[in-house]
Protein chains: 2
Amino acid sequence: MTSRIEQACIDKGMKMTEQRRVVARVLSDASDAHDHPDVEEVYRRASAIDKRISLATVYRTLRLFEDAAIIQSHDFGGVRARYEAAEDDSHHDHLIDVDSGEVIEFYDGELEALQDRIAARLGFRLVDHKMELFGKALEPRSGRRGG
Amino acid sequence: MTSRIEQACIDKGMKMTEQRRVVARVLSDASDAHDHPDVEEVYRRASAIDKRISLATVYRTLRLFEDAAIIQSHDFGGVRARYEAAEDDSHHDHLIDVDSGEVIEFYDGELEALQDRIAARLGFRLVDHKMELFGKALEPRSGRRGG
DNA sequence: TTACGTGCAAAAGGTTTGCAATAAC
DNA sequence: GTTATTGCAAACCTTTTGCACGTAA
């Protein structure tokens, strides 16, 4: 079945190889799970589906998708970039649990509006923003790591 | 004359070598100018003051200062980390001009308060945050690059 | 005096790339 | 059939590190 990201690639007229299809599927599934895998993790999951894929191709494909605005990369303070499907309408930001590394997505309309106002005040039109909160859980959380 | 960052190092009991003094001075001056140099730039400026400094020592010193919370590093989307003096009381965030690369500092009390509220709503105590706005100037700006 | 810092050059680790083989359109 | 894509391995670039030498306290 055609994954959401594969469909986005087709819509953009990309030549769809098996490798791209597999990476698209991995990223679509990750997105559904609000997951933010890094390159190695995408490579691992892609290899599990089809062994014929190489790390170089994963890098090239991620860059291709990112340049096409199909996915976006994040730097959550770790060593490698992490990826998620680009948001269409539903923008969100991230809160990172500093103890577990878990990434929690959130949306706050007030925050979005405030950012526009701040940019305007400084004489700019906002084209993008990056907002990450780092916090400690007030109550102990279940043990999942990553996100 | 003793730079602000050199004084912070002395206060923390660091052994002050000539190299550390020079890097401290470069960073103090950059901070006064609201400048955010990367490693190469710090190395360049330090070398101009004293040729005996090596890139490895600049890396080691920046890491030392950062671990001591005397400076902080940022990833503004470029390839290298960029540095500024750690904020004592006057927290600020950054707006990056996507056309020129210029970095503009700003402070917004409402934003700070809102972030705390969002974290609390998600069940977290905020320990840090990273907020970067990327914008296009509404009016053409003078040609400085960097910041 | 002595533990710690430095310079050099080599290594590490993530990411990119040249090239010949391969596959999509 | 053409042109873009892939795998492999080597290159690249930033950052770290081992080691012998130097120096602050």
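Throughout, a chain's letter reflects where its sequence line sits, starting with A, and its residues are numbered from 1.
Salt bridge absent: A/Asp50 and A/Arg25 never bring a charged side-chain N and a carboxylate O closer than 4.0 Å.
By the 4.5 Å heavy-atom criterion applied to side chains, B/Arg117 and A/Asp108 are not counted as neighbours. Here the side chains of B/Leu133 and A/Met131 are not in contact, with every heavy-atom distance at 4.5 Å or above.
At whole-Å resolution of the value, CG in B/Leu62 and C1' in C/dG5 are 15 Å apart. The CD1 atom of B/Ile53 sits 15 Å away from the C1' atom of C/dC8 (whole-angstrom rounding). Here D/dT16 presents its P atom at 16 Å from OH of B/Tyr43, a figure rounded to the nearest Å.
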### Summary
For nucleotides 14-20 of chain C, 5' to 3', base contacts (B), sugar-phosphate-only contacts (S) and non-contacts (-) with protein non-hydrogen atoms under 4.0 Å give SBBBB--

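Residue B/Phe106 holds its CZ atom at 6.5 Å from CG of B/Leu95, rounded to the nearest 0.5 Å.
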Do any N or O atoms of the protein come closer than 3.5 Å to N or O atoms of nucleotides 21-25 of chain D, and which pairs are they?
unit_1	atom_1	unit_2	atom_2	d
D/dA25	OP1	B/Met16	N	3.1

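In this structure, the side chain of B/Thr61 does not engage the main chain of B/Arg20 through any donor-acceptor pair within 3.5 Å.
Listed by first then second residue, pairs satisfying side-chain hydrogen bond (donor to acceptor under 3.5 Å, both in side chains) with a partner in residues 66-78 of chain B read B/Glu66-B/Ser73, B/His74-B/Glu84, not counting sequence neighbours.
Taking each heavy atom of B/Phe134 and A/His129 in turn, the nearest pair found is CD1-CA, 4.1 Å. Minimum heavy-atom separation, B/Arg121 to A/Tyr107: NH2-O, 3.3 Å.
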